[in-house]
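Letters go in sequence order (proteins before strands), and every chain restarts at 1.
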2 protein chains.
Amino acid sequence: MTPTAPRRRPTITDVAREAGVAASTVSRAFTRPGRVNAATRDHVLAVAERLGYAPNPAAQALESGRSNTVALVVPDITNPYFAGVIKGAERAAAQAGLTLVLADAQENPAHEEQLVRRLGPAVDGFVLMASRMPDPVLRRTAELNRVVLVNRACTGLASVVADYDDGTRQIVAHLAAHGHRSFVFLGGPAESWSGARRWAGLRAAAREHGLEATRFGPYLPILASGPAAADAVLAHRATAVVAHNDMLAIGVLTRLSARGVAVPEQVSVVGFDNVFGSDFCHPPLTTLAERTEEAGAHAIAGLGQQSSTGTRDTPARVLPTHLVVRASSGPAPDGPG
Amino acid sequence: MTPTAPRRRPTITDVAREAGVAASTVSRAFTRPGRVNAATRDHVLAVAERLGYAPNPAAQALESGRSNTVALVVPDITNPYFAGVIKGAERAAAQAGLTLVLADAQENPAHEEQLVRRLGPAVDGFVLMASRMPDPVLRRTAELNRVVLVNRACTGLASVVADYDDGTRQIVAHLAAHGHRSFVFLGGPAESWSGARRWAGLRAAAREHGLEATRFGPYLPILASGPAAADAVLAHRATAVVAHNDMLAIGVLTRLSARGVAVPEQVSVVGFDNVFGSDFCHPPLTTLAERTEEAGAHAIAGLGQQSSTGTRDTPARVLPTHLVVRASSGPAPDGPG
DNA sequence: GTGAAAGCGCTAACAT
DNA sequence: ATGTTAGCGCTTTCAC
C-alpha cells in the first residue's frame, strides 16, 4: 500500500523560504553560481537537494523562449535503419547540453504534421528524418521552427543526405564487374525521396556501364513484401536484383531460399542501408552503407548553427556511402566471372 | 537564400488582437468550444489557423500542472527488443490524447537518473523500461512522479512484467522433451533484473525436470559476445544452450557455424525476446516471445489509472510468454529423439 | 457570452 | 551580494 498521488513538487519559492533567501537567489545559485556568495550558494543547493528540487523546464522555457530541447522525428522508430541516426543525434545533443526527444511519425505525413505542430512551441528545433511531408508543408514548418532534414532535400532548407549518386555507381560497378548485363530494381513507396534518388542513380549508372535496368514495384519496404518481389524477379529471369532497402532484400532472400534458388550462384541480391541483421541473414547481404551516426550528429550541429548564426542558410551536406560486399552477390551465372 | 531565424510564434494575444476579442475568448475557443458563441469561435479559429497559431504547451503546462505528455525511458533505443513496447505505448498514448516522448538511458543508470530528474517536472509520468536504477532511487523517483515499470519490479511500484516463471518452464520442458539432460545458461549483465528472473526460473524448472543447469558469464547481451560465449559452450561439451537474449544467441549461432558445429544436430540454441532478426538468422532461432506491445499499452494505461484514481496502488501485471520453436533447437545428439 | 485580472514557476532587469 | 518587481503564454475565476 503506497501513498496516493505524488507529492507536490517543490518550487523555487519553497526552496527560497526554506533557505531563508529570495527566489532570485535560488535561481542564480543554479544558473549563475559565480554571482552568489559561496556560502549562500552551498546552503541553497543543499536545501534544494534535500527537498528534491529540480527546476521546472516548462517555466524556464516560458521565460527564456528556449527549451534546450530538440525533437527528432522518424517515420518509424522501430525500423532498425534509423537506429544509427538516433544514436548519432543523441550523442551530439548530449554533448551540446540539449535534451533530445524522439517522436514517431508512424509512416504518416498527417501524423508527422500534427506532431510538429504540437511539439513546435515546446522545442528549439526539429530534425526531420526522411520526412514524408510535401515540400510546401515543409517550408511552412520551417517558417516557425528551426529545421534540419536528413535524407530528404527541399530547396532553402538545411539538410544532410547520403551520396546516392556515388553509392548507386558503386553498386552498378560491382554488378558489372561480376559480369551481370542487367538488373532489376525493387522499388519502395512512391513518395519516398530516397527511393527516387536511388532509382535515378541506379539508372544513370546503368547507362554508364551499359547495363539494362528494370524497375518493379512499388513494394512496401518490409520483410513481408519479399515473396511477391522475389517471385517477380524469378519470372523475369533476372541475374541480379537491387532492393529498395535491406528489409525488402532480406525478405527476398528468404523467399528465394524457400523456392530453392541459390544465392548468389543463380541470383545476386543487393540492398540499401546495412541494417542490423544484414550481416547475419542467410547469406549475409551485400548492401550500401551510409554514415548514419554522422548524419545524426551533423543534423544536431546544423540546428545549433542556425541558433548561433541566426541564419538557416546551411548548405546541404552530402555524406559518403560505401558498398559492403558480403556473400549475397557474385558472378553472373552466364557471365565471364 | 532563405530569411534568417524563424519568425516569432504567434501567441494567444496576437490571435486575440487580430480577431478583435479577448485572450480568454481565444483560450475558450480552443479548450471549451461549447462555452463560446459559434460564430465567434469559428472566426477565432479561422484567424488562429491563418496566423499558424498553436498553443504553447509549456505555458499550458505551467498553468495546469499537467502537460499531457508522458516519457518512456528505455535502456537502449536501438535495441530491437524495445521496439514492440514502444509501439504499444505509442498507440495507447495516442488513443489517450497523450504525447509520448522517448528517452534513451544509454544503458547507464546515472544517465537514466539525470534524465528522469530533467524530464520529471515536464511530464505527467514515466514508463521506465527495464530500469537499471537501484530500488531506493526508483522509490524516490516515484515520490515525485507517476511511474510504471516494465520488466522490472520494485515493491510498492506499479509494474508490468513478463511471466518468466512460466516461460522458462516452457523452455526447459522443450529441451527435456528432446532428450537433453543438461543445458548451459549464458548470463547477461549482473544488474539485469530480467536476467536474474530468467536464471532463477530456468534453475527451478531444471530441478523440476531433473536437468542439470550451469550458468556462464556474465556476457554483454550483444552479438559481439557470441564468440566468447560459444567457445565456452563448446569447451563444456554442452548439448543445449539458453542465452540471456536473442542478440547473444545469434552471436553464438554465428560463431558455432564458423567453427563447423551443426545446429541443432550437435547443439541446440534458445534465446529470449523474439527480436527482429531471430526469424531470419541461420538457422532461425527458437526463442521465448513476450507480449511486448501489450506491455507498452498496459504501462500507459497504468499511468492513466494513477491519474484518475489518484492512487498508485496498481497491482503488478504479469503478461504471458510463449515459446516460438524454430530450427535452432532439436533432439539431443545422444538423446532418445 | 465575453472581458478583465490574477497567477502558474521561473528569470532578468532594476534596486539596494 | 541579494531582494524586489515585472512578465513570459496561458487558463481560470469573477464580473459584467
>> Nearest heavy atom decides the nucleotide; on that basis, is Leu62(B) or Val36(B) closer to the 5' end of DNA chain C?
In response: Val36(B)
> What is the nucleic acid contact for Val26(B), judged by heavy atoms within less than 4.0 Å: base, sugar-phosphate only, or nothing?
Replying inline: nothing
> How is Ser24(A) classified with respect to the nucleic acid when contacts are heavy atoms under 4.0 Å: base, sugar-phosphate, or nothing?
Replying inline: base
>> Quick check: any donor-acceptor pair below 3.5 Å linking the side-chain of Arg28(A) to the base of dG3(D)?
In response: yes
> Going through the distances and angles, do Arg197(B) and Asn151(B) end up as a side-chain hydrogen bond (donor to acceptor under 3.5 Å, both in side chains)?
Replying inline: CA-CA 10 Å; Arg197(B) 303 286 309 124; Asn151(B) 273 9; over 6 Å; no
>> Whether Arg117(A) and Glu49(B) form a salt bridge (side-chain N of Lys/Arg under 4.0 Å from carboxylate O of Asp/Glu) is what I want to check.
In response: yes
>> Can you measure Phe30(B) atom CZ to dT12(D) atom C1' for me and round it to whole angstrom units?
In response: 17 Å
>> Please determine whether side-chain hydrogen bond (donor to acceptor under 3.5 Å, both in side chains) holds for the pair Ser159(A) and Arg317(A), giving the CA-CA distance in whole Å, both sets of side-chain angles, and the decisive distance to 0.1 Å.
In response: CA-CA 6 Å; Ser159(A) 64; Arg317(A) 195 143 197 168; over 6 Å; no
> Taking N and O atoms by type only, does the side chain of Glu63(B) place a donor or acceptor under 3.5 Å from a partner on the base of dG7(C)?
Replying inline: yes
> Closer than 4.0 Å, any side-chain N/O of Ser64(B) to the OP1 or OP2 of dC8(C)?
Replying inline: no
> Relative to the 5' end of DNA chain D, which residue comes earlier, Thr40(A) or Arg9(B), by the nucleotide with the nearest heavy atom?
Replying inline: Thr40(A)
>> What is the separation between atom CZ on Arg66(A) and atom P on dG9(C), rounded to the nearest whole Å?
In response: 24 Å
> Are OP1 or OP2 of dG9(C) and a side-chain N or O of Gln60(A) less than 4.0 angstrom apart?
Replying inline: no
> Looking across every strand, which nucleic acid part, if any, lies under 4.0 Å from Pro121(B) by heavy atom: base, sugar-phosphate, or nothing?
Replying inline: nothing
>> Using OP1 and OP2 only, check whether a side-chain N or O of Thr11(A) sits under 4.0 Å from dG9(C).
In response: no
> Under the salt bridge (Lys or Arg N to Asp or Glu O under 4.0 Å) criterion, do Asp14(A) and Arg8(A) qualify, and how do the steps go?
Replying inline: CA-CA 11 Å; Asp14(A) 297 328; Arg8(A) 196 177 74 80; 2.8 Å; yes
> Which part of the nucleic acid does Tyr53(A) contact within heavy-atom distance under 4.0 Å: base, sugar-phosphate only, or nothing?
Replying inline: sugar-phosphate
>> Rounded to whole Å, please give me the gap between CZ in Arg17(B) and P in dG3(C).
In response: 15 Å
> Does OP1 or OP2 of dG3(D) have a side-chain N or O of Thr25(A) closer than 4.0 Å?
Replying inline: yes
> For the pair made of CD1 in Ile12(B) and P in dG7(D), what is the distance, rounded to whole Å?
Replying inline: 19 Å
>> Determine whether Glu90(A) and Lys87(A) satisfy the following criterion, salt bridge (Lys or Arg N to Asp or Glu O under 4.0 Å), listing intermediate values before the conclusion.
In response: CA-CA 5 Å; Glu90(A) 250 169 14; Lys87(A) 275 294 173 201; 3.7 Å; yes
